[in-house]
Participant: 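Below is the structure I would like to discuss, written out as structure tokens.
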Number of protein chains: 2
Amino acid sequence: MAQSKVEMFSKDEILLADIAKALSHPARIKILKILTDKNVCMCGDIVDLMPLAQSTVSQHLKELKRVGLIEGEIEGPKTCYCLSQKALQTARADFSKLFSKICKC
Amino acid sequence: MAQSKVEMFSKDEILLADIAKALSHPARIKILKILTDKNVCMCGDIVDLMPLAQSTVSQHLKELKRVGLIEGEIEGPKTCYCLSQKALQTARADFSKLFSKICKC
DNA sequence: AACGTATATCGTAAATATACGATTAAAAAT
DNA sequence: ATTTTTAATCGTATATTTACGATATACGTT
């Protein structure tokens with residue numbers, strides 16, 4: 001990318017695009033599903049269920065945390081991850097709003 | 001990216017992630033909104049409403065076309081773009097399905 | 001036929017994303 | 001106190017994305 005022109009768009013557009021970005025990799029979709037099934041989950045449990053290296057999974061978790069969709073609580077050497085239902089509600093509403101606007105029915 | 005591991009995930013996850021990717025830039029969100037307002041729109045009209053160069057807008061249109069969210073019909077030297085309501089319905093349903101799964105309420 | 005208009009594509013630069021192994025840090029277990 | 005376990009971060013390679021100007025293409029107009 002040359003210089004970013006992102007600031008030339010509306011807050012809403014930037015925010016939704018950012019959430020979409022967080023959802024734009026199948027690994028991250030899968031992580032959200034895993035956290036749904038397990039409710040609360042150690043990082044290692046997630047890694048075991050993913051076809052990716054531990055450091056790569058950690059990066060994906062970081063991206064999901066960046067936009068707030070998940071939360072991680074450090075418990076000793078372990079980290080417990082869970083979904084942020086609040087952030088998910090907001091994301092859901094934002095996508096709904098977009099599709100309501102652009103879908104005819 | 002090193003080699004892609006995308007094929008290690010489910011079809012559903014890959015598909016949804018791909019749609020999310022198409023929505024992961026504010027310019028593309030804005031284009032969808034413009035097409036909603038104008039219904040059908042020449043490329044140049046879109047370019048005029050965007051803070052980006054013509055070639056850049058063209059690239060964004062290509063990405064939206066790639067995932068099928070918009071369609072472009074060449075009419076002489078011009079190209080008419082419009083939303084694909086069918087693809088939008090599908091995308092909307094796919095996101096709904098994900099959020100239904102991962103949202104508690 | 002030459003020119004103008006509209007848009008896609010090419011070439012390119014810079015930023016970001018994805019992936020991995022190695023290392024670090026921090027707490028638990030021995 | 002040392003070792004082990006867990007997970008984040010660092011360093012790095014490669015791929016992809018974003019952006020632009022320049023060029024090519026294709027049609028309409030003069």
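In what follows, chains carry the letters A, B, and so on, assigned in the order in which the sequence lines appear, proteins first and then strands, with residues in each chain numbered from 1. Here the structure is a predicted model, which is why all the values come from computation and not from measurement.
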Participant: Counting C-beta onward and ignoring hydrogens, is there a side-chain heavy-atom pair between A/L49 and A/K38 closer than 4.5 Å?
Facilitator: yes

Participant: Can you tell whether the side chains of A/K101 and B/D37 come within less than 4.0 Å, N to carboxylate O?
Facilitator: yes

Participant: Let me know, please, whether A/H60 or A/G76 comes out on the 5' side of the other along DNA chain C by nearest nucleotide.
Facilitator: A/H60

Participant: If I take atom CD1 in residue A/I74 and atom C1' in nucleotide C/dA26, what distance separates them, rounded to the nearest angstrom?
Facilitator: 9 Å

Participant: What pair of heavy atoms forms the shortest contact from A/I29 to B/L16, and how long is it?
Facilitator: CD1-CD2, 3.9 Å

Participant: Within a strict 4.5 Å, meaning less than it, do heavy atoms of the A/F99 and B/S96 side chains meet?
Facilitator: no

Participant: Are OP1 or OP2 of D/dA19 and a side-chain N or O of B/H25 less than 4.0 angstrom apart?
Facilitator: yes

Participant: Given atom CD1 of A/I46 and atom P of D/dT6, what is their separation to the nearest angstrom?
Facilitator: 14 Å

Participant: If you pin A/T56 and B/P77 to their nearest nucleotides in DNA chain D, which one's is more 5'?
Facilitator: A/T56

Participant: Write down the distance between CD (A/E73) and P (D/dA8), rounded to a whole number of angstrom.
Facilitator: 13 Å

Participant: Nearest-Å distance, NZ (A/K65) to C1' (D/dA8)?
Facilitator: 8 Å

Participant: Using a cut-off of strictly less than 4.0 Å, decide whether A/Y81 has a side-chain nitrogen or oxygen near OP1 or OP2 of D/dA8.
Facilitator: yes

Participant: Round to a whole Å and report the spacing from CD of A/E63 to C1' of D/dT17.
Facilitator: 14 Å

Participant: Does OP1 or OP2 of D/dT17 have a side-chain N or O of B/K21 closer than 4.0 Å?
Facilitator: yes

Participant: Has the side chain of B/Q59 got a donor or acceptor atom sitting under 3.5 Å from an opposite partner on the base of D/dA19?
Facilitator: yes

Participant: Classify the nucleic acid contact of A/S55 as base, sugar-phosphate or nothing, counting any heavy atom under 4.0 Å across all strands shown.
Facilitator: base

Participant: Are B/K78 and B/E75 close enough for a salt bridge, meaning some N to O gap below 4.0 Å?
Facilitator: no

Participant: Closest approach to the side chain of B/R28, judged atom by atom: which nucleotide of D/dT18, D/dT6, C/dA6 is it?
Facilitator: D/dT18

Participant: To the nearest angstrom, how far is A/I29 atom CD1 from C/dT18 atom P?
Facilitator: 12 Å

Participant: Rounded to whole Å, how long is the line connecting atom CD of A/E71 with atom P of D/dA7?
Facilitator: 17 Å

Participant: B/S58 has a side chain; which of D/dA8, C/dT9, C/dC20 sits nearest to it?
Facilitator: C/dT9

Participant: Using OP1 and OP2 only, check whether a side-chain N or O of A/T79 sits under 4.0 Å from D/dA8.
Facilitator: yes

Participant: Taking donor-acceptor contacts at under 3.5 Å, does the side chain of B/Q54 reach the base of C/dA8?
Facilitator: yes

Participant: Please report the distance, rounded to the nearest Å, between CG in B/D18 and P in C/dA17.
Facilitator: 17 Å

